[in-house]
Number of protein chains: 2
Amino acid sequence: MTAHPTTLGYALLGLLHQGPRSGYDLRKVFATTALGNYSSSPGAIYPALARLERAKLIDGRVDQARSLRPRMLYQPTKAGSAAMRRWLTQPISHEDVERRIDELMLRFAFLWILEDRRRTERFLVELAEQVDAYVTELKRQRSLHPPETPIQPRLALEAGIEQYQACARWARKALIAVRKERT
Amino acid sequence: MTAHPTTLGYALLGLLHQGPRSGYDLRKVFATTALGNYSSSPGAIYPALARLERAKLIDGRVDQARSLRPRMLYQPTKAGSAAMRRWLTQPISHEDVERRIDELMLRFAFLWILEDRRRTERFLVELAEQVDAYVTELKRQRSLHPPETPIQPRLALEAGIEQYQACARWARKALIAVRKERT
DNA sequence: TCGCACATGTAACGTGTTACATGATTCA
DNA sequence: TGAATCATGTAACACGTTACATGTGCGA
């Protein structure tokens, strides 16, 4: 009951906030956009949709509009929208930054659902702070490398540092862009 | 038989190339370093070690050196080293860049095992090329956004673009650093 | 009529997560 | 004596991957 959807579940739930879609429609989105990183293919998507429906977070009904074959069109229920809002408004944890940065980006991409610019801004501020903190931690790790460490692991750590720094820079730039936006 | 180790398996196998370690030692590495991103905790590590041993890629023997309790010390077998070398020298695929970039970084971190600077250089060249290609693809996706797209998904895609660009920049910088290295 | 795109699934399998179990040693 | 640390695991569970199954409508 209190079982939360997985990242894929939230991705599907989020997409359905754009309007009713069938499983096939959703698959196409995953197949053609960068969202494809969050998995793909029928074996994951159809079961995930079934789980969301069992949890009453989405509602499926048959699209009897003519055309090809009957399709199941899903849309979020009230409970589904509420679950989505809860997920979107979670605070950004240390753990999220360290190990689930792409889930954070997914959350950000769906923040439009809230129609609350302030919330988007707060997300970016928090993200920049947390990422900065993690960069500091990574730099500390770099300083702890014993001198005989080969160059490759050193450089790999460097890569991590630079990717997170890029993320922090992006967050600050995005914050400015969001503030400029007319709503 | 031809079943390949998972990313976690390769991470363990790679660490064992630094010298014999126990499961506990390995857990500590995962718990305290950035490697922790590649999972953690007994429930994953001990079974992974058991699989590697069943596949004859590592060899465990009891450390009867005094001190605390008996520990199982693992080290790679010849087959294990060969499997590692095969993994490390795989070409970098489009798919790797899109969906397994952190596995690529793990591979890079373990390239020291090959003791072949050229190989490291080639890896970085290939990576930069492939990442550039993916950045191009992401920019194309950005240009395809319909004008009414909310700002958040746009910015999220922007984040992806900038992280990959940071990765490409890093690869070129790292290439220079590796070339400078005396071996 | 052949094949492809549409459309929806299921089954087997391996693996990671979480939580728990067990017992020895060291230190307060 | 009790707590923390060393050290190794196991069991239940859910999820994703891969591969397969099934059938319609449309265009060449």
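Here is the naming used below: chain letters follow the sequence lines, and residue numbers restart at 1 for every chain. It should be emphasised that the depicted structure is a prediction, and the values quoted were computed from it without experimental measurement.
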Once you round it to whole Å, what is the distance between [atom2] of [N] and [atom1] of [X]?
X	N	atom1	atom2	value
B/E53	D/dT8	CD	P	12 Å
B/Y38	C/dT15	OH	C1'	18 Å
B/N37	C/dT17	CG	P	11 Å
B/L49	D/dA7	CG	C1'	13 Å
B/L52	C/dG16	CG	P	11 Å

B/K173 with A/E162: basic N within carboxylate O range, under 4.0 Å: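 Between A/E162 and B/K173 there is a salt bridge, with a charged N closer than 4.0 Å to a carboxylate O.
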
Lys/Arg-Asp/Glu bridge criterion (N-O < 4.0 Å) met for B/R85, B/D116: no

Where A/P20 and A/R61 come nearest, the two heavy atoms and their spacing: CG-NH2, 4.3 Å

What ring pair (Phe, Tyr, Trp, His ring centres under 6.0 Å) pairs are there with at least one residue in residues 122-165 of chain B, not counting sequence neighbours?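 Non-adjacent pairs meeting ring pair (Phe, Tyr, Trp, His ring centres under 6.0 Å): B/F108-B/F123, B/Y134-B/Y164.
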
Contact list for residues 13-34 of chain A, test ring pair (Phe, Tyr, Trp, His ring centres under 6.0 Å), sequence neighbours left out: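 Sorted result for residues 13-34 of chain A: empty, none.
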
Per-nucleotide protein contact string for nucleotides 8-14 of chain C, where B marks a base within reach and S marks sugar-phosphate only (heavy atoms under 4.0 Å, - for neither): BBB----

Go through the structure and list residues passing salt bridge (Lys or Arg N to Asp or Glu O under 4.0 Å) with B/D102, not counting sequence neighbours. none

Among residues at least two apart in sequence or on other chains, which ones pass salt bridge (Lys or Arg N to Asp or Glu O under 4.0 Å) with B/R122?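 By the salt bridge (Lys or Arg N to Asp or Glu O under 4.0 Å) rule, B/R122 matches no residue at all.
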
Let me see the working for A/W112 and A/Q18 under side-chain hydrogen bond (donor to acceptor under 3.5 Å, both in side chains), right down to the final yes or no. CA-CA 10 Å; A/W112 66 268; A/Q18 294 174 356; over 6 Å; no

With a 4.0 Å heavy-atom cut-off, tell me which residues in residues 91-103 of chain B come close to DNA chain C, sorted by residue number. none

